[in-house]
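Whatever order the structure lists them in is the order used to number ligands and atoms, beginning at 1. A quick note: this is a predicted structure, and the numbers were derived from the prediction, not measured.
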Amino acid sequence: MAPRKRVLLITAHPDDADVHAGGTVARWVEEGHEIHSAILTRGDKGHDDPSMTPRQVAVLREAEQRAAAEILGVRRVTFLDYEDGELAWAGPKLTEDLTRLVRAERPDIVFTHDPFAGAPGYREPQLHPDHRAVGVAALDAIYVRATGPLYYPAHAAEGLLPHRVGEILLIMSDHIDHIVDISASFDRKVQAVRAHVSQFGKRSDFEAFLRRWAERVGEPSGVPLAEGFKRLMRS
Ligand SMILES: [Zn+2]
């Protein structure tokens with residue numbers, strides 16, 4: 001990938017991008033590309049201890065996410081302050097916020113959730129309503145709204161001009177057609193995922209799990225360790 005690209009990650013929760021694209025992010029940072037991460041929620045419902053409050057979980061998970069971003073070399077992490085589990089009802093505000101984000105960040109490449117996931121795989125990560133909601137709103141923002149000056153004309157007064165994203169890589173997809181070799185960055189990915197202690201701290205097997213998964217994705221192409229995406233290109 002050359003020359004230097006601007007890459008934006010748009011995901012629902014802390015850890016989504018690290019688990020599904022952390023190796024690619026670490027590799028691209030190493031290659032000199034600039035990566036920003038926008039996370040819609042702080043994952044404030046993501047804890048099994050009923051004595052924790054969502055506020056406490058949010059603080060914990062934000063700190064874990066910032067530590068993981070530091071490990072991968074992500075330049076900036078922005079939280080958009082939505083509540084965990086509520087994105088499916090966030091409506092037009094979510095789409096406008098993501099349009100504003102795309103116009104402000106002006107990325108060459110966006111990673112986001114596959115909105116059409118859930119069929120035919122029905123795998124658990126794909127069934128999370130926040131993942132689907134972010135995927136739908138992000139593709140709506142990227143394909144239709146961010147490029148059209150008649151959408152949100154007030155943005156122009158803030159200096160936010162239309163922007164066309166050239167490449168979208170969808171995570172958690174059932175329709176992987178693009179892989180990235182993460183053999184050299186896999187260890188960094190493991191460290192970043194490990195930083196999400198509240199999510200993976202009790203799983204002693206998670207490194208082996210991540211390795212087996214990366215081997216499975218790379219195997220058909222003869223790549224030792226890989227991450228896979230559904231890739232959408234725009235001219
Ligand atoms: Zn998630």
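Ion pair Glu70/Arg66 not flagged as a salt bridge, since none of the NZ, NE, NH1 or NH2 atoms sits closer than 4.0 Å to an Asp/Glu carboxylate oxygen. Salt bridge annotation for Arg4-Glu34: present, with a cationic side-chain nitrogen under 4.0 angstrom from a carboxylate oxygen.
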Would you mind writing out the side-chain donor-acceptor pairs for residues 188-198 within the sub-3.5 Å range, not counting sequence neighbours?
from	atom 1	to	atom 2	distance (Å)
Arg188	NH1	Ile71	O	3.4
Lys189	NZ	Val19	O	2.7
Lys189	NZ	Glu227	OE2	2.7
Arg194	NH2	Glu207	OE1	3.2
His196	NE2	Asp18	OD2	2.7
Ser198	OG	Glu64	OE1	2.8
Ser198	OG	Glu64	OE2	3.2

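For the Zn ion (ligand 1), the nearest N, O or S atom contributed by His13 is named ND1. Of all N/O/S atoms in His131, NE2 sits nearest the Zn ion (ligand 1). Asp16 contributes atom OD1 as its closest N/O/S atom to the Zn ion (ligand 1).
Between His20 and His113, the distance separating the two ring centers is not shorter than 6.0 angstrom.
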